[in-house]
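Single-structure report; data block below.
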Amino acid sequence: QVQLVESGGGLVQAGGSLRLSCAASGSIFGINRMGWYRQTPGKQRELVARIDSGGRTNYADSVKGRFTISRDNAKNTVYLQMNSLKPEDTAVYYCNLGHGLYYSSTYWGQGTQVTVSS
């Protein structure tokens with residue numbers, strides 16, 4: 001159906017930067033929304049940032065001003081530029097795509113580990 005391939009995770013020192021990428025393939029509606037969520041053990045998966053096919057964005061308050069989400073609609077690829085990273089940003093980051101009514105048909109990537117050392 002829809003496949004998501006992520007890259008860019010890794011280990012970085014506090015204050016550093018990482019750039020995550022997620023490429024979607026398959027039968028994807030032109031009107032869709034792609035984003036990044038993150039999860040740590042014992043916590044619910046939370047929204048980090050997302051962007052729809054019109055370029056409208058949403059960010060978690062904890063990352064505003066530090067992270068920037070963007071996309072290439074022709075490639076169905078979403079990027080997350082993460083700057084000024086903090087240890088509390090450490091998590092598994094998951095790419096997500098939603099389409100259909102209320103973006104209710106959702107797909108997930110396999111997750112990529114981001115570790116920020118203090």
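With a 4.5 Å cut-off on side-chain heavy atoms, Phe29 and Ser53 do not count as touching. Side chains of Tyr59 and Arg66 form no contact here, defined as non-hydrogen atoms less than 4.5 Å apart. Between Arg38 and Glu46, the closest side-chain pair of non-hydrogen atoms falls below 4.5 Å. Counting heavy atoms from C-beta on, the side chains of Trp36 and Cys95 come closer than 4.5 Å. Contact check for Asn32 versus Arg71: side-chain heavy atoms found under the 4.5 Å cut-off. Taking the side chain as every heavy atom from C-beta outward, Thr90 and Thr40 never approach each other to under 4.5 Å. Leu85 is not listed as a side-chain neighbour of Gln13, based on a closest heavy-atom distance of 4.5 Å or more. A 4.5 Å side-chain heavy-atom check between Val114 and Asp89 finds every atom pair outside the cut-off.
Residues Ile51 and Ile28 share a single hydrophobic cluster, defined by chaining ILVMFWY side chains whose heavy atoms lie under 4.5 Å apart. Cluster membership for Met82 and Val12, using ILVMFWY side-chain heavy atoms within less than 4.5 angstrom, is shared. Under the 4.5 Å side-chain heavy-atom criterion for ILVMFWY residues, no single connected hydrophobic cluster contains both Tyr37 and Tyr93.
Across all non-hydrogen atoms, the minimal contact from Ala14 to Ser118 is CB-CA, 4.4 Å. Of all non-hydrogen atoms in Leu4 and Cys22, the two that sit nearest each other are CB-SG, 3.8 Å. The two residues Val92 and Gly111 have their closest heavy-atom pair at CG1-CA, 3.9 Å. Considering all non-hydrogen atoms of both residues, Tyr94 and Gly109 come closest at CD2-O, 3.8 Å. Minimum interatomic distance between Asn83 and Ser17 (heavy atoms only, all atoms of both residues): OD1-OG, 2.8 Å. Nearest approach of Glu6 to Thr112, heavy atoms of both residues: OE1-N, 3.8 Å.
Heavy-atom contacts from other residues, nucleotides or ligands closer than 6.0 Å to CD1 of Ile31 number 12 or fewer.
Judged purely by atom type and a 3.5 angstrom limit, Gln81 has no side-chain atom pairing as donor or acceptor with the backbone of Thr68.
Note: Ser27 OG to Gln3 CD = 9.0 Å, rounded to the nearest 0.5 Å. A distance of 9.5 Å separates CE in Met34 from CG in Asn73, rounded to the nearest 0.5 Å.
Residue pairs that meet the side-chain hydrogen bond (donor to acceptor under 3.5 Å, both in side chains) test with at least one member in residues 95-107, sequence neighbours left out, do not exist here.
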